[in-house]
Amino acid sequence: MSAVLSLRDVSIALPSGADRPFAAERISFDVNAGEIVCLLGESGSGKSVISFSVMGLLPDNVRVASGEILLDGVNLLKLSREQLRATRGDDVAMIFQEPMTALNPVMTCGDQLDELLAEHTELSANERKAKTLAMFESVKLPEPDRIFASYPHQLSGGQRQRIMIAMALILEPKLLIADEPTTALDVTTQAEVLALIKALQRERGTAVLFITHDMGVVAEIADRVIVLQNGKQVEAGAKEQILRFPREAYTQMLIASVPGIEPPAERQSHTGKALLTVSELGKTYVSGGWFQKKRLTEAAKAVTLDLHPGETVGIVGESGSGKSTVARCITRLIDPTTGVMRLGEIHLDGVTRDSLKLARKRIQIIFQDPYRSLDPRQRVGDAIIEGPLNFGLSRESAMARARELMGLVRLSPDVLSRYPNEFSGGQRQRISIARALALDPEVLICDEAVSALDVSVQAQVLKLLEEIQAKLNLAILFITHDLRVAAQICDRILVMQKGVVVEQGATRDVFMSPQHAYTQRLLASAPGRDFQFAKN
């Protein structure tokens with residue numbers, strides 16, 4: 001096989017004052033035609049900065065200090081800005097992690113592909129439209145004419161990612177770079193996107209550089225794997241060799257952190273009086289105005305669940321299934337349309353403002369994205385004590401409690417004076433956990449709380465939550481689309497589809513013997529489900 005992309009001893013220098021001199025150091029590998037090579041590693045390992053260097057998209061204060069980046073034998077580092085711009089799209093293209101930020105929100109999806117074709121081809125307007133519609137069909141988008149006229153916000157996450165794939169492939173590049181293209185997608189959409197990339201790569205013989213921290217995705221899609229740690233290449237080889245017989249301790253640690261898809265044989269059963277009960281919960285959204293037909297959307301319908309002290313109940317399902325709607329109704333961040341919710345003796349539906357304030361003290365929520373859930377202008381200590389201060393605790397007592405919580409989430413009390421941007425994603429999520437615990441809640445709702453984290457950091461946070469739960473006897477409602485995580489942490493599972501609970505029961509029963517066709521499809525879609533990773 002011929003190498004489409006070759007990196008030869010590439011080092012990428014960071015600006016002076018950074019934690020380390022190089023974002024990537026002496027990196028060498030090839031990507032051959034018709035081959036998928038995965039760059040694997042945690043955040044900060046250098047994966048994305050390598051891809052940006054190939055695309056010529058490094059920020060001004062970051063530069064390739066040494067080495068060669070060859071595309072079909074041509075050193076990209078020696079090309080002028082105009083030559084590099086011509087190369088992007090024609091010869092090399094990229095699928096970014098978050099399509100909502102990569103797509104232009106004020107242009108229709110059709111216009112965005114048309115703009116690309118107008119820039120790089122001599123096709124007429126009609127020919128460009130025909131080629132765009134054909135590309136939409138090839139990436140299996142429904143109703144290509146409707147998609148052509150739609151804006152990004154009118155599409156689902158999976159459809160937006162397919163638009164990104166269509167944009168990347170429409171000029172038939174020799175090299176496709178995919179930077180975490182499935183991280184934010186639910187399991188069935190993820191499976192569809194991975195299958196699509198594999199199919200298109202086979203049909204076109206495209207070389208693919210796939211960047212991910214998800215071991216299941218690596219097992220599903222890779223031919224070869226490059227493992228990176230702190231900007232250094234620690235191991236490389238065929239997928240089977242790296243995932244089944246890793247040599248390096250770092251690779252072994254990453255693989256050991258992957259949650260198993262099979263639940264433990266024994267999980268604690270919880271009986272007695274439930275702490276939180278939800279009965280026939282419904283949430284209906286009404287859209288349409290004076291001159292539009294009124295439309296009703298049932299985001300949740302007749303959802304019933306209970307939660308005991310010390311128990312973890314999981315809610316799983318695709319995006320749009322109603323998982324987060326249920327969580328937001330329980331916490332009264334949104335008002336339910338129907339149903340009864342009780343926290344102990346308190347009715348959560350229809351309560352007075354003062355009663356609701358007291359109830360919220362007993363229920364706290366941890367959100368998916370720790371980057372957004374912390375105010376960047378507020379020191380983390382102030383963020384943690386804000387809740388207790390609002391409930392009348394003195395600043396001195398609240399800060400003493402904050403220092404105690406730092407120890408509980410395995411951070412130094414000295415960090416309370418720092419700002420959120422001074423921490424990694426995993427550390428920020430620990431701070432978010434500490435903030436949620438500051439009010440001594442009885443119920444903790446985790447809404448995709450580990451979905452954005454590296455596999456090793458995810459394992460640490462999950463272990464931390466279990467330890468805190470055991471110590472404080474917390475009841476946890478755990479919302480996730482990651483079936484591996486749900487299998488390991490949840491005592492019971494509710495499976496939601498289009499706002500309805502289609503199956504529920506003990507986690508092992510649901511995972512090992514799913515009764516509903518939707519549950520069966522979800523489990524079958526888990527990436528790397530049947531791959532035998534190296535034994536811990």
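Sequential numbering from 1 along the given sequence is applied to the chain's residues.
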Quiz item: Are any of the side-chain heavy atoms of L113 and I163 separated by less than 4.5 Å?
Solution: yes
Quiz item: What do the steps show when you test I431 against V409 for side chain to side chain contact (heavy atoms under 4.5 Å, CB included), and what is the final call?
Solution: CA-CA 8 Å; I431 292 165; V409 298; over 6 Å; no
Quiz prompt | Exceeds 12 heavy-atom contacts within 6.0 angstrom, atom CD of Q241 | solution = yes
Exercise. Using the test side-chain contact (heavy atoms from CB on, under 4.5 Å), find all partners of P142 that sit at least two apart in sequence or belong to another chain.
Key: R146, Q159
Self-check item: Minimum-distance pair of heavy atoms, taken over all atoms of S51 and M94
Solution: OG-CE, 3.3 Å
Quiz item: Could you go step by step and tell me if C38 and I221 meet the side chain to side chain contact (heavy atoms under 4.5 Å, CB included) rule?
Solution: CA-CA 8 Å; C38 279; I221 203 169; 3.9 Å; yes
Quiz item: Does the T206 side chain pair with the main chain of L176, one donor and one acceptor, at a distance under 3.5 Å?
Solution: no
Quiz item: Of the non-hydrogen atoms in F29 and R8, which two are nearest, and what is the gap between them?
Solution: O-NH1, 4.0 Å
Quiz item: Hey, does I366 have a side-chain heavy atom less than 4.5 Å from the side chain of Q429?
Solution: yes
Quiz item: Which heavy atom in P173 sits nearest to a heavy atom in V92, and how many Å separate them?
Solution: CB-N, 3.9 Å
Self-check item: CA sep, side-chain torsions, deciding dist, call: V54, I177, side chain to side chain contact (heavy atoms under 4.5 Å, CB included)
Solution: CA-CA 9 Å; V54 176; I177 299 175; 3.8 Å; yes
Quiz item: Within the side chain of E127, is there an N or O that forms a donor-acceptor pair under 3.5 Å with the backbone of S124?
Solution: yes
Quiz item: So, do V316 and T480 sit near enough that their side-chain heavy atoms are less than 4.5 Å apart?
Solution: yes
Quiz prompt | Close side-chain approach of V218 to F210, heavy-atom, < 4.5 Å | solution = no
Exercise. Would you name the heavy atoms of N32 and A207 that are closest together and state the gap between them?
Key: O-CB, 3.3 Å
Quiz item: How far does CE of M55 sit from CG of L76, to the nearest 0.5 angstrom?
Solution: 10.0 Å
Exercise. Side-chain contact test, heavy atoms from C-beta onward, threshold under 4.5 Å: evaluate it for L374 versus S432 and give yes or no.
Key: yes
Self-check item: Spacing of T312 atom OG1 and Q488 atom CD [to the nearest 0.5 Å]
Solution: 12.5 Å
Quiz prompt | R128 (side chain) donor-acceptor with L117 (main chain) under 3.5 angstrom | solution = no
Identify each donor-acceptor pair in which a side-chain atom of residues 223-239 lies under 3.5 Å from a protein atom, sequence neighbours left out, and give them as a table.
residue, atom, partner, partner atom, Å
D223, OD2, I36, N, 2.8
R224, NE, E35, OE2, 2.7
R224, NH2, D30, O, 2.4
R224, NH2, E35, OE1, 3.2
Q233, OE1, S28, N, 3.2
Q233, NE2, S28, O, 3.0
E235, OE1, E248, N, 3.2
E235, OE1, T251, OG1, 2.8
E235, OE2, R247, N, 2.8
K239, NZ, A219, O, 2.9

Practice problem: Identify the residue among L39, I50, L40, V37 that makes a side chain to side chain contact (heavy atoms under 4.5 Å, CB included) with I211. | Solution: L39
Quiz item: Just how far is it from atom CG of L169 to atom CD of Q201, taken to the nearest 0.5 Å?
Solution: 10.5 Å
Self-check item: N/O donor-acceptor pair under 3.5 Å between R379 side chain and V415 backbone
Solution: no
Quiz item: Using 4.0 Å as the upper bound for N to carboxylate O, is an ion pair formed by D482 and R484?
Solution: no
Quiz prompt | Any donor-acceptor N/O pair, Q458 side chain to V450 backbone, under 3.5 Å | solution = yes
Quiz item: With no hydrogens and no angle check, do the side chains of H481 and E448 hold a donor and an acceptor under 3.5 Å apart?
Solution: yes
Self-check item: Step-by-step side chain to side chain contact (heavy atoms under 4.5 Å, CB included) determination, D91 to L71
Solution: CA-CA 8 Å; D91 297 321; L71 184 68; 3.7 Å; yes
Exercise. Please check if the side chain of K323 supplies one atom and the backbone of E318 the other of a donor-acceptor pair under 3.5 Å.
Key: yes
Self-check item: Min side-chain heavy-atom separation S66-S11 under 4.5 Å
Solution: yes
Quiz prompt | Interatomic distance, Q469 atom CD to I476 atom CD1 [nearest 0.5 angstrom] | solution = 4.0 Å
Self-check item: Residues which pass side-chain contact (heavy atoms from CB on, under 4.5 Å) with L70, listed by chain and number, not counting sequence neighbours
Solution: S6, E68, N75
Quiz item: Salt bridge between E25 and R20, side-chain N to carboxylate O under 4.0 Å?
Solution: no
Quiz item: Do the non-hydrogen side-chain atoms of I255 and V455 ever get within less than 4.5 Å of each other?
Solution: no
Practice problem: Identify the two heavy atoms, one from G317 and one from L522, that lie closest to each other, and give their separation to 0.1 Å. | Solution: CA-CD1, 4.2 Å
Quiz prompt | From M512 atom CE to I261 atom CD1, the distance as rounded to the nearest 0.5 Å | solution = 10.0 Å
Quiz item: Just wondering, more than 12 heavy atoms not from N421 lying within 6.0 Å of its CG?
Solution: yes
Practice problem: Taking all heavy atoms of R529 and all of A524, pick out the closest pair and write down the distance. | Solution: CD-CA, 4.4 Å
Exercise. Assess whether side chain to side chain donor-acceptor pair (under 3.5 Å) is satisfied between S80 and Q83, documenting all intermediate values.
Key: CA-CA 5 Å; S80 67; Q83 289 172 319; 3.3 Å; yes
Practice problem: Decide yes or no for Q520 and P514: does some side-chain heavy atom of the first lie under 4.5 Å from some side-chain heavy atom of the second? | Solution: yes
Practice problem: Using the test ring pair (Phe, Tyr, Trp, His ring centres under 6.0 Å), find all partners of F533 that sit at least two apart in sequence or belong to another chain. | Solution: F531
Quiz item: How long is the span from the CG atom in L477 to the CD1 atom in I445, to the nearest 0.5 Å?
Solution: 5.5 Å
Can I get a per-line list of side-chain donor-acceptor pairs under 3.5 Å for residues 461-468, giving both atom names and the distance, sequence neighbours left out?
residue, atom, partner, partner atom, Å
K463, NZ, E467, OE2, 2.6
E467, OE1, R410, NH2, 2.4
E467, OE2, R410, NH2, 3.4

Quiz item: More than 12 non-hydrogen atoms from neighbouring residues, nucleotides or ligands closer than 6.0 Å to CZ on R204, yes or no?
Solution: yes
Self-check item: Backbone of R244 reached by a side-chain donor or acceptor of Q532 within 3.5 Å
Solution: no
Quiz item: Do K174 and D72 meet the salt-bridge criterion of a basic N to acidic O distance under 4.0 Å?
Solution: yes
Quiz prompt | Donor-acceptor pair, side chain of R160 and main chain of L155, under 3.5 angstrom | solution = yes
Exercise. Please name all residues satisfying side-chain contact (heavy atoms from CB on, under 4.5 Å) with P21, sequence neighbours left out, ordered by chain then number.
Key: none
Quiz item: Is the backbone of Y151 close enough, under 3.5 Å, to the side chain of Q154 for a donor and an acceptor to pair up by distance?
Solution: yes
